[in-house]
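In what follows, a structure is listed as structure tokens, so that the remarks can point back to it.
Below, all heavy atoms of this structure are taken into account, side chains as well, without hydrogens, waters or symmetry copies.
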Amino acid sequence: MLEIGNYNSLKLKEKVARGAILQTEEEEEVFLPCKDVPTDLERGESLNLFVYQDKEGKTICSLARPSLIKNTCALLEIVGVAGAGAFADWGLNEDLFIPVEEQDVDLEEGDSEVIFLFFDEEKGKLYGTTRIDDHLKGDTAIFEQGQEVDLLLYSRSDLGVEAVVNNYCIGMLYANEIFREIEHGQTLKGYVQKVRPDGKLDLNLEKPGYGNVEPNAQIVLDYLKANAGVMMLHDQSEADEIKKHLHMSKKNFKKALGLLYKQRLVTLGVDRVELVK
């Protein structure tokens, strides 16, 4: 069955003046525009093509690889705004339409926004939406504490940053646990900190437990080497100062210092840490 918004294996039925007619195994037909038709494509040969809709709502396919497929998210540039909605560049000839009712933020031309692609069964059309929470409601019970996950950052508040987790559900990175510079729409690895009883997911950018001590120890060493072997931070320093200079939590800083001290790489003073020469 033809799946709009995803890749389909399609066989060439025939070439026509404006392109080619391809079909599924069930003989559902879809049009491939002339510019995308390989010159050496023979009748009966198969191609893996992305199927979507043109401005008139006709189902077509393309050799191009869009930025996202159905039921996934990506950071897209808004390239146009009209009364009924906005248009985003997703790597195809036809820009992706985001209706006004599917916008929980005011989209303006030139913006970059995280967009979710969905197929409206009632209208029979593909749309983009910024209402990520309305669509990603996966069961968080499938996750385990400490599990590594793929994150797409999309919404910031005083509480922290919401992230799309594995293109499946939503999780929260709390502001007081973010110790590095992050950006809207950034993709990065993270870890499940807690699967909450209410079905929500707490996240962290640092590996839980002692798994992140060695990398943090290296950060401290690098900082010392870059500052003549002296660091005006210590285990009683304020958490904000540690975060400002080293981009890590006070807890992890103290663990890193303990490791370096045991290895006799540093000396711990009242108001500083020094590299052993």
Side-chain angles (χ1 to χ4, degrees), residues 73 75 112 114 140 142-166 168-277:
C73 300
L75 183 70
S112 290
V114 176
T140 58
I142 69 169
F143 295 97
E144 297 179 357
Q145 185 174 359
Q147 180 178 340
E148 184 179 81
V149 289
D150 293 316
L151 305 180
L152 170 59
L153 311 182
Y154 82 95
S155 178
R156 188 186 291 266
S157 66
D158 291 339
L159 188 61
V161 177
E162 284 190 295
V164 176
V165 182
N166 289 356
Y168 179 75
C169 66
I170 303 300
M172 173 65 76
L173 288 162
Y174 292 98
N176 63 350
E177 295 177 348
I178 299 173
F179 303 106
R180 66 173 93 162
E181 293 298 320
I182 57 175
E183 297 179 357
H184 178 71
Q186 184 177 355
T187 57
L188 68 172
K189 296 290 184 181
Y191 300 90
V192 175
Q193 180 170 286
K194 184 179 181 181
V195 182
R196 292 167 44 181
D198 61 3
K200 295 184 178 179
L201 214 57
D202 291 347
L203 305 168
N204 205 304
L205 296 180
E206 298 184 23
K207 193 171 183 177
Y210 286 86
N212 60 347
V213 171
E214 289 189 18
N216 287 333
Q218 187 61 54
I219 290 171
V220 173
L221 279 178
D222 290 344
Y223 184 90
L224 283 164
K225 291 174 183 177
N227 291 274
V230 179
M231 176 171 61
M232 303 307 293
L233 295 171
H234 49 89
D235 60 4
Q236 297 303 314
S237 294
E238 294 294 328
D240 286 346
E241 278 298 300
I242 295 169
K243 178 180 177 181
K244 176 182 176 181
H245 292 284
L246 298 173
H247 309 294
M248 68 178 70
S249 67
K250 183 172 181 177
K251 179 180 178 181
N252 286 329
F253 173 63
K254 292 174 74 171
K255 287 180 182 178
L257 284 187
L259 180 62
L260 294 172
Y261 181 73
K262 286 178 182 178
Q263 294 176 347
R264 299 182 182 179
L265 295 174
V266 300
T267 58
L268 307 180
V270 176
D271 64 347
R272 70 187 65 196
V273 174
E274 294 189 49
L275 194 62
V276 173
K277 297 178 181 178

Are Val270 and His234 side-chain neighbours, meaning at least one heavy-atom pair lies under 4.5 Å?
-> no
May I ask you to decide if Gly229's main-chain N or O and Asn227's side chain share a donor-acceptor pair within less than 3.5 Å?
-> no
What heavy-atom pair brings Leu259 and Ala217 nearest, and what distance separates the two atoms?
-> CD2-CB, 4.0 Å
Return yes if some donor-acceptor pair links the side-chain N/O of Asp198 with the main-chain N/O of Lys200 below 3.5 Å, else return no.
-> yes
Full working for side chain to side chain contact (heavy atoms under 4.5 Å, CB included) between Tyr223 and His245 = CA-CA 9 Å; Tyr223 184 90; His245 292 284; 3.6 Å; yes
Tyr261: partners by side chain to side chain contact (heavy atoms under 4.5 Å, CB included), with sequence neighbours left out | Val266, Leu268
Test log, rule side chain to side chain contact (heavy atoms under 4.5 Å, CB included), inputs Phe253 and Asn216 = CA-CA 7 Å; Phe253 173 63; Asn216 287 333; over 6 Å; no
Can you tell me how far NZ of Lys225 sits from CG of Leu275, rounded to the nearest 0.5 angstrom?
-> 7.0 Å
Quick one: list whatever passes side chain to side chain contact (heavy atoms under 4.5 Å, CB included) with Arg272, sequence neighbours left out.
-> Val230, Met232, Glu274
One should read off an interatomic distance between Leu257 CG and Met231 CE, to the nearest 0.5 angstrom, of 5.5 Å
Heavy atoms of Cys73 and Val164 approach each other most closely as SG-CG2, 4.0 Å
Can you measure from CE (Met248) to NZ (Lys255) and round to the nearest 0.5 angstrom?
-> 12.0 Å
4.5 Å side-chain heavy-atom contact, Val165 and Ile170 | no
Close side-chain approach of Leu201 to Leu203, heavy-atom, < 4.5 Å | yes
For Asp271, check salt bridge (charged side-chain N to carboxylate O under 4.0 Å, His left out) against everything at least two apart and list the hits.
-> none
Do Leu153 and Leu173 have side-chain heavy atoms sitting under 4.5 Å apart?
-> yes
Could you check if a side-chain atom of Thr267 sits within less than 4.5 angstrom of a side-chain atom of Val276, using non-hydrogen atoms only?
-> yes
Got a sec, which pairs hit salt bridge (Lys or Arg N to Asp or Glu O under 4.0 Å) with one end in residues 147-164, sequence neighbours left out?
-> Asp150-Lys189
Compare all side-chain heavy atoms of Val195 with those of Gln145 and state whether any distance is below 4.5 angstrom.
-> no
Can you tell me if Ser237 uses its side chain to pair, donor with acceptor, with the backbone of Ile242 under 3.5 Å?
-> no
So which pairs with a foot in residues 229-245 pass salt bridge (Lys or Arg N to Asp or Glu O under 4.0 Å), sequence neighbours left out?
-> none
Does the side chain of Phe143 come within less than 4.5 Å of Asn166's, by heavy atoms?
-> yes
Distance-only donor-acceptor hits, side chain of residues 175-188, under 3.5 Å, sequence neighbours excluded:
{"from": "Glu177", "atom 1": "OE1", "to": "Gln193", "atom 2": "NE2", "distance (Å)": "3.4"}
{"from": "Arg180", "atom 1": "NH2", "to": "Leu205", "atom 2": "O", "distance (Å)": "3.1"}
{"from": "His184", "atom 1": "ND1", "to": "Tyr154", "atom 2": "O", "distance (Å)": "3.3"}
{"from": "His184", "atom 1": "NE2", "to": "Glu113", "atom 2": "OE2", "distance (Å)": "3.1"}
{"from": "Gln186", "atom 1": "OE1", "to": "Glu183", "atom 2": "N", "distance (Å)": "2.8"}

Report yes if some heavy atom in the side chain of Tyr174 is under 4.5 Å from a heavy atom in the side chain of Asp202; otherwise report no.
-> yes
For Leu75 and Ser112 the tightest heavy-atom approach is CD1-C, 3.8 Å
